[in-house]
Amino acid sequence: MYKISSLDFNIQKIAHSGQCFRLNRVENGYRLVAFGRRLNIIEQDGCCLLDCTCDEYNSLWKSYFDMDTDYACFSLAVPKEDGYMRQAVDFGRGIRILRQEPFEMLVSFIISQRKSIPAIKTSVEALCRKFGEQIDEGIYSFPTAQSLKNAPTNELAACSLGYRTQYVKDAAELVADGLFALDKLNSLDDGALLEKLMKLKGVGMKVASCVLLFGYHRLDAFPRDVWINRIIDSEYNGEIDLAPYKGFSGVMQQYMFFFARETKS
DNA sequence: ACTCAGGTATCCT
DNA sequence: AGGATACCTGAG
């Protein structure tokens with residue numbers, strides 16, 4: 001067991017912030033599947049108990065949960081005249097940007113287009129069940145590129161991918177064949193990485209931005225989805241100035257997204 | 001039954 | 001360049 005006790009770490013908010021599709025509520029807490037491992041998380045007296053050894057925490061989950069980044073300091077950047085952002089940031093305190101795996105992010109966000117979050121989760125789970133490795137009873141890892149490349153198209157489609165089936169298959173094939181080496185893109189700057197990802201079919205501005213933010217930990221990436229656009233229209237007169245948040249505007253995006261969704265009528 | 005969902009590719013003008 | 005439209009499918 002490893003205990004995390006910090007106001008800047010809140011597993012429930014992270015689970016509802018929409019960045020991760022495999023962190024879900026179970027009987028007495030949350031269950032996360034990542035890196036081919038399962039991690040159980042229990043909330044207790046405002047603390048989080050991670051069901052792992054100290055070594056496993058230090059070598060894996062500490063980085064995954066981005067525990068070396070100081071999130072409290074981001075909050076200081078909000079201009080005092082921006083009441084909306086102030087509210088959003090305070091409301092979302094505890095959210096962190098997870099360091100997830102690039103391939104999983106790429107596939108998950110290709111799937112995400114024109115889908116609700118529950119529908120995305122259903123598709124992702126189906127993919128894992130069909131093409132991932134079994135880790136434990138009923139628990140499966142996210143499939144490798146090779147595994148998805150080899151997947152028969154009709155079985156991929158059976159994961160409710162709809163018109164995205166070919167997008168996923170194409171991306172998996174390119175990655176599996178080394179023609180699109182996700183692990184070698186780290187050296188690219190944000191702009192070049194974004195451009196590179198958008199070369200893939202089914203990857204537009206929004207999906208690529210999400211892959212940057214959640215898969216490559218580019219905290220300055222600012223995905224604009226319908227929620228964010230709605231906020232920018234209603235609260236910022238159609239144009240938001242991200243200059244105060246240079247280097248971490250993606251963190252602000254998460255606060256805005258979470259706030260808008262959690263407080264919707 | 002009907003709209004909309006964390007969009008994107010394609011086809012217009 | 002910028003705007004309109006089709007697209008699989010499930011949830012509300």
Side-chain angles (χ1 to χ4, degrees), chain A residues 13-25 88 91-92 95-98 100 102 104-130 148 151-174 180 193-236 238-240 242 249-265:
Chain A
K13 292 184 188 176
I14 293 170
H16 289 276
S17 66
Q19 60 179 301
C20 179
F21 304 110
R22 306 204 70 202
L23 171 58
N24 292 305
R25 183 83 226 197
F91 186 85
I95 293 174
R96 312 179 76 81
I97 309 295
L98 305 182
Q100 302 185 72
E104 179 172 341
M105 290 300 96
L106 177 61
V107 173
S108 298
F109 281 100
I110 285 175
I111 292 171
S112 80
Q113 60 185 264
R114 293 294 289 184
K115 270 183 181 289
S116 64
I117 289 179
I120 299 166
K121 288 185 174 182
T122 301
S123 284
V124 169
E125 269 330 292
L127 270 187
C128 295
R129 186 165 290 272
K130 271 178 179 285
L148 290 184
T153 305
N154 62 321
E155 286 195 37
L156 265 186
C159 299
S160 300
L161 301 195
Y163 63 88
R164 309 159 193 84
T165 303
Q166 200 55 43
Y167 297 159
V168 170
K169 200 162 177 53
D170 287 353
E173 186 168 338
L174 287 169
F180 204 98
L193 181 53
L194 194 72
E195 217 174 294
K196 176 83 177 167
L197 289 167
M198 285 175 63
K199 289 190 195 305
L200 296 169
K201 281 275 183 62
V203 178
M205 192 62 173
K206 155 65 169 65
V207 169
S209 298
C210 285
V211 177
L212 254 70
L213 183 56
F214 307 126
Y216 287 90
H217 207 68
R218 302 300 174 94
L219 295 186
D220 215 17
F222 190 88
R224 290 171 190 258
D225 53 52
V226 289
W227 290 91
I228 296 299
N229 285 331
R230 224 176 271 154
I231 295 167
I232 292 175
D233 282 345
S234 64
E235 306 292 330
Y236 295 92
E239 198 174 356
I240 189 168
L242 297 177
S249 56
V251 180
M252 296 297 146
Q253 188 269 7
Q254 281 289 277
Y255 291 137
M256 294 165 75
F257 180 78
F258 180 74
F259 182 55
R261 285 179 56 95
E262 294 290 314
T263 59
K264 68 178 182 233
S265 53

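Proteins come first, then strands; the chains are lettered A, B, ... in the order of their sequence lines, and each starts at number 1. Heavy atoms only: backbone and side chains are in, while hydrogens, waters and symmetry mates are out.
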Under 4.0 angstrom, heavy atoms only, what part of the nucleic acid is [X] near: base, sugar-phosphate, or nothing?
X: A:Ile120; answer: nothing
X: A:Ser17; answer: base
X: A:Gln166; answer: nothing

Side chains of [X] and [Y]: does their closest heavy-atom pair fall under 4.5 Å?
X: A:Leu242; Y: A:Met252; value: no
X: A:Met256; Y: A:Ile240; value: yes
X: A:Val211; Y: A:Val203; value: no
X: A:Phe259; Y: A:Ile231; value: no
X: A:Ile14; Y: A:Gln19; value: yes

Check: Looking only at heavy atoms, which two atoms of A:Ala221 and A:Ser209 are closest? And how far apart?
Finding: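 The pair with the smallest heavy-atom distance is CB-O, 3.7 Å.
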Note to self: Can you give me the closest heavy-atom contact between A:Gly215 and A:Pro102, atom names plus distance?
What the structure shows: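 Closest pair (atom of A:Gly215, atom of A:Pro102, distance): O-CG, 3.4 Å.
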Checklist line | C:dC8 versus B:dC11 - spacing of their P atoms, nearest Å | finding: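 Pairwise P distance, C:dC8 against B:dC11, rounds to 14 Å.
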Show each protein N/O and nucleotides 9-13 of chain B N/O combination with a separation under 3.5 Å, one pair to a line.
{"residue": "B:dA9", "atom": "OP1", "partner": "A:Gly202", "partner atom": "N", "Å": "2.9"}

Notebook entry, point to check: Under the 3.5 angstrom rule, does the side chain of A:Gln254 hit a backbone N or O of A:Val251 as a donor-acceptor pair?
Noted result: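 Side chain of A:Gln254 to backbone of A:Val251: no pair is present.
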Notebook entry, point to check: Given that both pair distances must be under 3.5 Å and the pair must be Watson-Crick or G-U, what runs of three or more consecutive pairs involve DNA chain C?
Noted result: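 Runs of three or more consecutive pairs: B:2-5 with C:9-12, B:7-13 with C:1-7.
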Can you measure [X] atom [atom1] to [N] atom [atom2] for me and round it to whole angstrom units?
X: A:Trp227; N: B:dC4; atom1: CH2; atom2: C1'; value: 11 Å
X: A:Leu194; N: B:dG7; atom1: CG; atom2: P; value: 16 Å
X: A:Asn229; N: B:dA5; atom1: CG; atom2: P; value: 12 Å
X: A:Ile111; N: B:dT8; atom1: CD1; atom2: P; value: 14 Å

Under 3.5 Å between N/O atoms: give me all the protein pairs with nucleotides 8-12 of chain C, atom names plus distance.
{"residue": "C:dC8", "atom": "O4'", "partner": "A:Tyr163", "partner atom": "N", "Å": "3.2"}
{"residue": "C:dC8", "atom": "O2", "partner": "A:Arg164", "partner atom": "NH1", "Å": "2.6"}
{"residue": "C:dC8", "atom": "O2", "partner": "A:Arg164", "partner atom": "NH2", "Å": "3.4"}
{"residue": "C:dC8", "atom": "N3", "partner": "A:Arg164", "partner atom": "NH2", "Å": "3.2"}

Next item on the list: Please collect all side-chain hydrogen bond (donor to acceptor under 3.5 Å, both in side chains) contacts where either partner lies in residues 164-174 of chain A, sequence neighbours excluded, each pair once.
Entry: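 Listed once each, the pairs are A:Gln166-A:Asp170.
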Check: For A:Arg22, what residues pass the salt bridge (charged side-chain N to carboxylate O under 4.0 Å, His left out) criterion, not counting sequence neighbours?
Finding: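 For A:Arg22 the salt bridge (charged side-chain N to carboxylate O under 4.0 Å, His left out) partners, ignoring immediate neighbours, are A:Glu125.
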Checklist line | ring-ring contact (aromatic ring centres under 6.0 Å, His included) involving A:Phe109 - partner list, sequence neighbours excluded | finding: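 Counting only residues at least two positions away or on another chain, A:Phe109 forms a ring-ring contact (aromatic ring centres under 6.0 Å, His included) with A:Phe21, A:Phe214.
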